[in-house]
Amino acid sequence: MSWVRALKDTARSGLRVERTRLQPLVALRAAVGLAIVIGVSLALLGPGAAASSAFGAYMAAVATFQKSWRPRPVLALAAGLTLAVSTFVGYLVGSSHALAFMLLLAVWCFLAGLMWAAGPTAGMIASGNVAIMLVTVTLPTSVPQAAGHAALIAAGGVVQAALIVLFPVRRWGAQRDALADALAAEADYARRLRHDPAASFDPQPLMRARDAATVTVRQARRRPAELHGARGLAERVRPVLASLADPAVGAPAEGPARDRVRELLAAAGSVLDAAASAIRHGEAVRLPAPALAVLKAPDTADLFQGAPLRAARRLAALLDDVLDTAEPGSGRTADPGESMLRPTLPALAPMVLAAVRAELRPGSPILRHALRVTAVACAGYGIGHALPFGHAYWAPMASVMVMRPDFTQTYTRAVARFGGTLVGVALATAVVQLAHPGMYLSGLLAVISAGLMYTLMRTGYAVSMVCVSAYVVFLLGMGGARWDQTVPDRVALTLVGGVLAMVAYAVYPAWETPRLRTRLADWLVADGRYAAVVLGQYADPAGARRADVREALLAVRDARVAWQEAVDRAAGEPVRHRGISGAAADDAGRALAAMGRHAMLLEAHFPDRAQAPAPGAAELARVLRSATEAGAKAVRERKVPEWDAVRAVLADWEAPEEGVLRGAAGQLLESLEEVSEALRTPPATDPSP
């Protein structure tokens with residue numbers, strides 16, 4: 001992709017408005033918290049203190065809207081307290097010497113950039129703290145006043161946290177949505193299998209539901225019963241659906257048995273949709289009677305034999321369990337000892353430190369991001385002071401807020417921030433010119449602008465920036481600053497900050513395109529290990545550990561998502577492909593997704609522990625694991641992997657000619673050969689510079 005096209009695509013993406021479900025009550029609560037803080041501070045302490053406390057309450061509320069499963073009061077407190085510390089330390093250093101503050105800014109920016117290693121929520125809070133710190137350190141005039149400002153900022157976070165505790169909105173709503181989305185995805189999968197027995201399934205909803213089910217000890221004791229257990233059942237339903245639909249291991253492709261398979265899949269979709277709706281709204285399950293009639297049909301044993309019959313019976317039993325669990329007050333209490341527990345904040349510190357330390361290596365995208373943010377923020381701070389404007393901090397603040405570890409997000413947000421700033425300051429200026437608001441009316445307009453931002457935050461960064469820009473104009477106007485003293489400065493310095501961020505990524509990039517082969521190799525290894533572990537269950541039914549299969553499956557999902565995210569990021573990068581074209585990447589990805597699916601079919605028909613070991617399964621598992629590891633090494637070295645060893649084992653295999661094991665094992669080899677064929681295709685010429 002050329003630079004011109006990449007810039008056009010990122011500009012369009014940055015200015016696009018998304019359709020999403022709004023959260024007006026949550027936004028109202030955040031705006032009320034901001035109003036309380038500003039109102040009390042104005043009445044008792046004046047506009048300067050009100051501005052400090054407003055930044056704390058504002059940032060604390062923004063943190064609670066991030067995609068995190070931690071309790072929202074914890075996020076609000078973390079944002080408010082860390083911002084208070086940053087502000088106080090920044091004033092102590094910056095009040096004595098400008099160079100000392102520049103060094104502190106560099107350290108703070110570098111650490112904030114590294115925090116992206118701990119996840120996007122931590123990265124956003126850290127970046128927001130640096131940006132707001134640049135503003136708040138300019139407000140105090142003495143050390144005691146700086147301490148007071150820091151206390152007010154922390155108080156803003158405390159107020160937001162207290163409101164979340166006192167006025168909860170839709171308790172467990174995010175967890176309900178995540179679990180309901182997973183069940184709805186299973187329902188859609190079941191319906192698609194009716195027409196396409198090899199239909200693909202995106203594991204993202206199941207992964208999101210797993211994240212939502214990881215709770216603190218306190219949450220585990222309070223979690224509604226219907227949110228405990230249904231996710232595990234949904235995980236077990238998926239391979240049964242796939243094995244029932246696939247003609248290679250299930251019913252024939254045509255005939256009465258295939259018609260019954262389609263009926264069972266449709267009924268499964270209805271049951272899963274009903275369970276999803278019940279969990280989402282906390283209501284009783286409303287199930288269409290025909291669906292249960294199909295699942296309990298007495299003539300199923302006449303139409304199916306062997307593996308299809310086992311799959312049909314297992315599907316009916318699992319769906320019964322799903323319905324029982326989805327009922328509100330189902331009686332299944334959440335025992336912390338049986339839950340996936342999220343570490344406490346103190347226990348999280350060494351984990352974050354380990355994640356950050358792992359990124360301190362040459363070539364790390366996170367390390368490159370930290371260095372870019374540091375250089376750009378310091379350069380923006382110096383340029384802002386050199387230019388004949390006030391509010392010099394707006395340039396580095398804009399840079400810090402738009403910069404992300406990848407190209408697309410950085411350029412998209414830079415365009416969106418400048419476009420949103422233009423519109424926002426224009427609207428706010430028009431209001432100021434028409435209404436000439438005083439101190440209290442300016443505070444009210446600032447609260448309204450922030451409330452709109454909280455409401456529309458999910459619709460796009462440009463929309464958010466319209467509201468944020470108006471919020472800043474009104475907030476500064478509350479202290480007596482005229483619009484003509486703020487608007488030109490903000491527009492010009494926002495443009496400077498955005499341009500600096502974009503230039504920095506072009507000069508010191510961290511392209512995802514060259515790493516595509518590594519991501520593909522990681523997925524290939526994960527698929528091979530998963531298939532080998534599943535085959536190990538057949539090789540030693542009595543001694544096999546089911547937990548090993550689960551761990552291998554989760555590793556496959558992580559590798560698949562990492563690959564897909566890398567492909568999406570690489571698609572927007574203005575660089576040539578490095579040895580793997582877009583078509584080859586798509587074909588190889590489909591082949592590996594199919595390989596994981598074939599291993600899952602084997603998982604759906606695990607033998608009983610009393611069953612005899614399958615001849616040759618252990619040897620096939622060993623060869624498959626070693627062959628995929630060698631194949632991954634070949635992929636990384638830009639070679640085409642070969643599968644002669646796997647082919648030889650299958651040729652001499654003594655497995656039964658009929659059955660799940662023989663059919664799925666052959667499909668595994670076919671998928672591996674498709675990976676090689678995709679990588680063997682010569683890449684098309686890319687004329688882009």
Side-chain angles (χ1 to χ4, degrees), residues 29-64 76-96 101 125 128-163 390-394 397 428 432 437-451 453-454 468-483 485-486 489-490:
R29 182 181 62 197
V32 167
L34 184 61
I36 291 173
V37 169
I38 290 179
V40 172
S41 299
L42 277 177
L44 301 179
L45 303 172
S52 288
S53 57
F55 281 120
Y58 169 82
M59 196 61 204
V62 169
T64 64
L77 288 174
L81 293 177
T82 54
L83 179 57
V85 172
S86 299
T87 298
F88 186 65
V89 173
Y91 178 79
L92 290 182
V93 175
S95 61
S96 59
F101 180 75
I125 292 176
N129 279 350
V130 172
I132 300 299
M133 179 192 74
L134 289 164
V135 182
T136 52
V137 295
T138 64
L139 298 176
T141 56
S142 64
V143 173
Q145 194 176 26
H149 277 256
L152 288 173
I153 289 172
V158 171
V159 169
Q160 293 288 13
L163 286 178
H391 307 97
Y393 51 79
W394 269 333
M397 181 173 69
V432 169
M439 182 176 67
Y440 285 100
L441 182 55
S442 294
L444 176 61
L445 291 172
V447 170
I448 293 174
S449 300
M453 192 278 296
Y454 297 140
V468 170
S469 300
Y471 167 75
V472 172
V473 170
F474 293 134
L475 194 67
L476 294 178
M478 186 177 65
R482 301 194 312 271
W483 71 269
Q485 295 175 318
T486 60
D489 300 359
R490 181 167 178 81

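Along the sequence shown, residues are numbered consecutively beginning with 1. Source: prediction; values computed, not measured.
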Note to self: According to side chain to side chain contact (heavy atoms under 4.5 Å, CB included), who are the partners of A54, at least two apart in sequence or on a separate chain?
What the structure shows: L34, I38, Y471, L475
Note to self: Tell me whether Y393 contacts the main-chain N or O of M133 through its side chain, where contact means a donor paired with an acceptor under 3.5 Å.
What the structure shows: no
Notebook entry, point to check: Is there side-chain contact between L45 and L152, with at least one heavy-atom pair below 4.5 Å?
Noted result: yes
Next item on the list: Only pairs at least two apart or in different chains count here, so list each side chain to side chain donor-acceptor pair (under 3.5 Å) that has a residue in residues 29-49.
Entry: S41-S53
Item checked: Closest heavy-atom pair and its distance - L83, G56 -> CD2-CA, 4.2 Å
Checklist line | Test item: I448 and F474 side chains (from C-beta on) under 4.5 Å apart, heavy atoms | finding: no
Notebook entry, point to check: Does any N or O in the side chain of Q160 come within less than 3.5 Å of the main-chain N or O of A57, such that one atom is a donor and the other an acceptor?
Noted result: yes
Next item on the list: Over all heavy atoms of both residues, which pair between A84 and I153 is shortest? Give the atoms and the distance, please.
Entry: N-CG2, 3.8 Å
Next item on the list: Show your working on side-chain contact (heavy atoms from CB on, under 4.5 Å) between V472 and V135 and close with a plain yes or no.
Entry: CA-CA 11 Å; V472 172; V135 182; over 6 Å; no
Note to self: Testing the 3.5 Å rule here: is there a donor-acceptor pair between the side chains of T82 and N129?
What the structure shows: yes
Next item on the list: Looking only at non-hydrogen atoms, find the nearest pair between G157 and A60 and report the distance.
Entry: CA-CB, 3.6 Å
Notebook entry, point to check: How far apart are the closest heavy atoms of M59 and I125, and which atoms are they?
Noted result: CE-O, 4.4 Å
Checklist line | Trace of the side-chain contact (heavy atoms from CB on, under 4.5 Å) decision for H149 with T136 | finding: CA-CA 8 Å; H149 277 256; T136 52; over 6 Å; no
Next item on the list: May I ask you to test the V468-Y58 pair for a side-chain heavy-atom distance under 4.5 Å?
Entry: yes
Item checked: Shortest non-hydrogen contact between G33 and L163, atoms and distance -> CA-CD1, 3.2 Å
Check: A146 and Y91: which non-hydrogen atoms are nearest, and at how many Å?
Finding: CB-CD2, 3.2 Å
Next item on the list: Kindly indicate whether the side chain of L134, heavy atoms from C-beta on, has any atom under 4.5 Å from the side chain of F101.
Entry: yes
Margin query: For A155, give me all partners under side chain to side chain contact (heavy atoms under 4.5 Å, CB included), at least two apart in sequence or on another chain.
Written below: none
Checklist line | Side chain to side chain, P437 and L445, heavy atoms closer than 4.5 Å | finding: yes
